[in-house]
Amino acid sequence: MNSAIARGVLRGGVDPDRVVVTDVDADFGKERANELGVRFVAGNKAFAESVDDGGIIVVGVKPHQIAPVLNEISGACAGKTVVSIAAGVPLSTLEDALPEGTAAVRVMPNVNAQIGAGMSALCANSATSSEQLAAVREVFDAVGLTTVLAEKDMAAFSAIASASPAWTYTYIDALARGALAEGITLPEARRIAAQAVLGSAQLVLDSLGTHTPAELRDQVTSPGGTTIAGLIAMEDAGFTPAVVAGVKAAVARDHEVANS
C-alpha cells in the first residue's frame, strides 16, 4: 500500500525529491526507494525529522504497530500532518501519541490503489485545517477515488471498500467455477467473469444520480429469462442476506480492533 501511494503521487507530478520513504528492513527500503527514484532515510525518527514543516507523514503500518511507531516519531511531528492507514485505529489513539495540536488524519484505502483504482475514506481531527485535509486527499486521489466521512462511519466504509475486494474475488471465482462446470476452461471463465464485474461496476459509477444499481439490474432482467431465474436461485440460497451479514461481521471486528 505504501508503494502504491508513492507511485500515485509520483504519477501525479510530485517532484521525487520531495518524497522520502523508510522501512524497518533497510535493504528492502533502499531497493524500493531506488526503484521509485525517491530518497530513503533509515529509522522512523530520522525519517520524520527529514519531512519539512507543513509536510505529510504517512504512517503505513499494521494496527498493532501504530502506537510504538508514533511514540518513536512524535517529537518530530509538530507542524506536520500525520496520516494513519491502520485499520480500526481511532483518531484519539493518534492524538494521544502526538504533540498537542498536531493535525491527524485517518485514511482507509483499499488494495486496488496499487492499480490506481482504489477507494479511500478520510476523517480528520479538529486540529486539521481544511487546507491540510485537502492536501492529504490529493495524495489519495492519485491512487483512485476518495471521500470524507465522519469517524463513526469508517468501520462501515472499511467493510464495503476495504474488505469487499476479497469478497468480490470470491464472487468472481465462484462465477468462473460455475462456468467451468458448464464446459468453459477456468482461465477463460475467470477472464470473462472479471471483465463482467469490472464493466458492471463502471456502469454503476457512470450512472450515479440517474440510475440506482437496482434499476440497472431491472434493465437486464427480462420476464421469464435466464437472468431472473439465476437471481431467484441465488436469493433462495441467501445471496443478499449473506452479503449484509458479511458487512456486519466486518464492522463488528473493526470495533473489536479499535477497542483493543
Is it the case that atom [atom1] in [X] sees more than 12 heavy atoms from other parts of the structure closer than 6.0 Å?
| X | atom1 | answer |
| --- | --- | --- |
| E256 | CD | yes |
| R191 | CZ | no |
| E49 | CD | yes |

Is there a donor-acceptor pair closer than 3.5 Å between any side-chain N or O of [X] and the backbone N or O of [Y]?
| X | Y | answer |
| --- | --- | --- |
| T212 | E215 | yes |
| D173 | Y169 | no |
| N44 | E72 | no |
| N34 | K30 | yes |
| T128 | A124 | no |
| S74 | A97 | yes |
| T102 | P99 | yes |
| T168 | S164 | yes |
| D52 | G55 | no |
| K80 | A48 | yes |

Checklist entry - Between C123 and L149, does a side chain to side chain contact (heavy atoms under 4.5 Å, CB included) hold up when you go through it step by step? => result CA-CA 6 Å; C123 67; L149 297 175; 5.6 Å; no
Checklist entry - How about T146 and D141: does a side-chain donor come under 3.5 Å of a side-chain acceptor? => result yes
Checklist entry - In terms of side-chain heavy atoms, does S84 have a donor or acceptor partner in R106 at a distance below 3.5 Å? => result no
Checklist entry - Is there a side-chain hydrogen bond (donor to acceptor under 3.5 Å, both in side chains) between Q132 and S129 once you walk through the steps? => result CA-CA 5 Å; Q132 288 171 312; S129 69; 3.3 Å; yes
Distance in Å, [X] [atom1] paired with [Y] [atom2], rounded so as to fall on 0.5 Å steps:
| X | Y | atom1 | atom2 | result |
| --- | --- | --- | --- | --- |
| F157 | E151 | CZ | CD | 14.0 Å |
| D206 | H211 | CG | NE2 | 12.5 Å |
| K45 | T22 | NZ | OG1 | 14.0 Å |
| W167 | I160 | CH2 | CD1 | 9.0 Å |

Checklist entry - Can R177 and E182 be counted as an ion pair, charged N to O under 4.0 angstrom? => result no
Item to check | Co-members of V20 in a cluster of I, L, V, M, F, W and Y side chains, linked at under 4.5 Å | outcome: V41, F47, V51, I57, V59, V61, I66, V69, L70, I73, V82, V89, L91, L94, L98
Checklist outcome for this item: Joining Ile, Leu, Val, Met, Phe, Trp and Tyr whenever any side-chain heavy atoms lie under 4.5 Å apart, the cluster holding L186 also takes in L180
